[in-house]
Amino acid sequence: MNRNRRRSISRALRKKQVNRNYKDSLFRMIFGNRKAALKLYNAINHSNYQNPEEGAVDRAVEECIAEGILADFLKKERGEVKDVILTEHNAERHIKNEKKLSYEEGVEKGIEKGIEKGLERGIRAFITEKEEEEAGKTIIIEKLQKHFMLDREKAEYYYEKFSKKM
């Protein structure tokens, strides 16, 4: 950005009348988005930082003060400015982590459900096959326990659920 363009932006920001009662809204509008703060810093300093953790938040505030951009406000509210920027950053990170955990949990539940459905299909096929072989209820339940590692109660449940003789 050339020097004249930078000065015109600076003048425009200085001319803008700020109602002190709405400083929070203005503050959040200008610095509430860490990417916007980083872009502002890069524009002012002819730099190309990509990561706010590189100290760009502090440098952006410092440079704005040095250039006279909202200097009085930033001098008084420096800590609050940094807190809001970093809090929003942490909130974004938290939301991203929560989404990731929720996704992973959903995948895990889906896998469990798939295994359960597959197991039930296998048990159904097993019961059908044994009934076609004319095996009795007791033998089928015993084989369900043996081959599918089920307790007696669960084997009986599946037999009642899938048996065509019931």
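What you are looking at is a predicted structure, and each value in this text was computed from that prediction instead of being measured.
More than 12 heavy atoms of other residues, nucleotides or ligands lie within 6.0 Å of CD in E98, so this atom counts as buried by the packing criterion. In this structure, Y157 places its OH atom where only 12 or fewer heavy-atom neighbours from other residues, nucleotides or ligands lie under 6.0 Å away.
A salt bridge between K130 and E133 is present, with a side-chain N of the basic residue lying under 4.0 Å from a carboxylate O of the acidic one. Remark: K109 engages E105 in a salt bridge, criterion side-chain N to carboxylate O under 4.0 Å. Using a cutoff of 4.0 Å between basic side-chain nitrogens and carboxylate oxygens, R78 and E62 are scored as salt-bridged.
Here CD1 of I139 is found 12.0 Å from NZ of K146. Values are rounded to the nearest 0.5 Å. Within the model, atoms CD of E153 and CD of E156 stand 8.0 Å from one another, a figure rounded to the nearest 0.5 Å. The structure places CD of E131 at 11.0 Å from CZ of F126, a figure rounded to the nearest 0.5 Å. With rounding to the nearest 0.5 angstrom, the NE2 atom of H147 is 5.0 Å from the NZ atom of K143. To the nearest 0.5 Å, the span separating CZ on R121 from NZ on K117 amounts to 8.0 Å.
Closest approach of I140 to A135, counting heavy atoms only: CD1-O, 3.6 Å. The minimum heavy-atom distance linking E120 with F162 is given by the pair O-CE1, 3.9 Å. Between Y159 and I127, the closest heavy-atom pair is CA-CD1, 3.7 Å. Across every non-hydrogen atom of L74 and I65, the tightest pair is CB-CG1, 3.6 Å.
Y158 and F148 have their aromatic ring centers separated by at least 6.0 angstrom.
At least one side-chain heavy atom of R152 sits under 4.5 Å from a side-chain heavy atom of E142. No side-chain heavy atom of K137 sits under 4.5 Å from any side-chain heavy atom of S163.
Linking Ile, Leu, Val, Met, Phe, Trp and Tyr whenever their side-chain heavy atoms come within less than 4.5 Å leaves Y103 and I95 in two separate clusters.
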